[in-house]
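Residue numbers run from 1 in the order of the sequence given. Keep in mind that what you see is a predicted model, and the values were worked out from it rather than measured.
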Amino acid sequence: MGYQAEIESGREAFSYLIRAWHERNGWSHRVLPGLAEVLDLGRIHNSQVSMLRNRKLASPGPEVFLALGRINQWLVARAAAATADVSSALAGHPDLIEALSQGSRPLLSNSGEPLGPGDLLEIFVGLVPPPRAFDLRIADDEAQGLSFALAELLCAGRPWRLCRDQVLAAYPAAKTQRRERFAAVMSGQRDYSAAELDAELMDLHRTLEGLGVAAEQAISADRFLEVLRQKARLQQQTGALDLAEAIGQELVAEGSG
């Protein structure tokens with residue numbers, strides 16, 4: 001791979017990482033610039049965050065990686081401190097306090113270490129891949145099949161009405177909009193987009209744990225995604241059966257039961 005292709009690959013991976021970081025914490029584009037300014041950790045603008053998410057910022061300056069890396073390290077240090085007090089560090093900025101109360105998950109390496117400025121720069125230029133938890137990229141053309149596979153898996157092939165309460169209780173997201181979207185996908189009223197699945201994957205994975213199916217160490221997020229892909233491929237292979245023919249087979253099965 002030439003250096004230009006390597007950089008392009010890194011820029012794409014970085015956009016997924018930044019997008020997933022925001023979505024999993026429920027942040028707006030204003031949160032990271034606000035934290036950088038208030039905590040004096042560097043400088044990044046709202047527009048730069050937006051362009052990073054959409055792969056439109058080709059050559060961000062060093063202050064961008066400095067800000068993002070330092071904020072990430074601050075989130076980890078804050079969580080580890082026995083007497084962490086966000087309100088004192090962010091006094092006079094209730095919007096940032098509220099944002100972090102909703103979500104403050106950091107970017108961690110595969111070994112659990114917080115990513116710093118240099119780590120983020122290396123990901124952006126394609127020298128190293130993002131952490132596995134933030135590199136589960138989903139293509140647009142597979143989102144529909146994965147949505148179907150998800151509903152089949154979490155309901156074990158049963159109708160949504162029979163498992164709705166249990167599955168919704170296991171789904172960890174608290175925001176009403178996300179819960180309503182999840183229920184719509186599970187009931188077959190809509191499908192997740194690829195970007196939505198990218199952002200939702202970790203919480204969908206934790207839904208398995210909430211259902212008592214598997215602990216996190218027993219089935220990783222990447223293994224969970226592969227299971228969904230396998231189910232989607234199987235459905236694609238078997239889904240060509242004519243509807244009337246399929247109904248006829250069901251009636252025959254019921255009549256002989």
Side-chain angles (χ1 to χ4, degrees), residues 13 16-17 19-26 103 105 108 110 129-243 245-251 253-254 257:
Y16 278 99
L17 181 145
R19 187 187 309 161
W21 195 22
H22 274 77
E23 295 295 335
R24 292 171 191 178
N25 285 313
R105 294 177 59 194
L108 300 179
N110 294 330
R132 286 189 297 270
F134 289 88
D135 194 25
L136 305 175
R137 280 167 279 183
I138 296 169
D140 291 334
D141 60 1
E142 63 177 340
Q144 182 179 15
L146 291 177
S147 296
F148 177 86
L150 176 70
E152 284 282 297
L153 177 64
L154 295 185
C155 284
R158 295 179 295 173
W160 171 237
R161 66 180 62 188
L162 296 182
C163 54
R164 175 179 55 203
D165 293 343
Q166 188 177 1
V167 173
L168 283 176
Y171 178 62
K175 287 191 173 182
T176 301
Q177 183 179 10
R178 288 182 60 191
R179 296 186 68 81
E180 290 177 346
R181 183 175 63 189
F182 173 68
V185 171
M186 293 298 297
S187 63
Q189 297 179 54
R190 61 157 291 180
D191 296 315
Y192 280 125
S193 68
E196 288 169 343
L197 273 171
D198 279 325
E200 286 278 355
L201 191 62
M202 299 306 292
D203 281 334
L204 297 174
H205 176 231
R206 281 194 288 272
T207 303
L208 281 181
E209 300 172 51
L211 290 169
V213 176
E216 187 171 353
Q217 61 269 23
I219 177 169
S220 62
D222 54 340
R223 174 58 183 156
F224 172 60
L225 179 57
E226 182 54 33
V227 168
L228 292 181
R229 283 175 167 149
Q230 290 173 359
K231 287 183 68 66
R233 286 193 291 267
L234 180 61
Q235 172 58 27
Q236 189 175 28
Q237 294 169 3
T238 60
L241 188 65
D242 179 76
L243 179 59
E245 184 180 352
I247 294 173
Q249 290 183 5
E250 291 289 329
L251 291 174
E254 290 295 327

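At least one side-chain heavy atom of Thr207 sits under 4.5 Å from a side-chain heavy atom of Leu211. Gln177 has its side chain out of reach of Arg181: every pair of non-hydrogen atoms, C-beta onward, lies at least 4.5 Å apart. Taking the side chain as every heavy atom from C-beta outward, Ile138 and Leu225 approach each other to under 4.5 Å.
Residues Leu208 and Phe224 approach most closely at CD1-CD1, 3.5 Å, considering heavy atoms. Between Gln189 and Ser187 the shortest heavy-atom distance is NE2-OG, 2.9 Å.
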Side-chain donor-acceptor pairs of residues 144-155 under 3.5 Å, sequence neighbours excluded:
| from | atom 1 | to | atom 2 | distance (Å) |
| --- | --- | --- | --- | --- |
| Ser147 | OG | Ala143 | O | 2.9 |
| Ser147 | OG | Tyr192 | N | 2.9 |

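The neighbour count for Gln230 CD, taken as heavy atoms of other residues, nucleotides or ligands under 6.0 Å away, is above 12.
In this structure, the side chain of Asp140 does not engage the main chain of Ala194 through any donor-acceptor pair within 3.5 Å.
Under the side-chain hydrogen bond (donor to acceptor under 3.5 Å, both in side chains) criterion, Asp203 pairs with Arg178, Arg206, not counting sequence neighbours. Residues passing the side chain to side chain contact (heavy atoms under 4.5 Å, CB included) test with Leu168 are Trp160, Arg164, Arg179, Phe182, Ala183, sequence neighbours excluded.
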Report task. Please lay out, stage by stage, how Arg233 and Glu142 fare under the test salt bridge (Lys or Arg N to Asp or Glu O under 4.0 Å). Result -> CA-CA 9 Å; Arg233 286 193 291 267; Glu142 63 177 340; over 6 Å; no
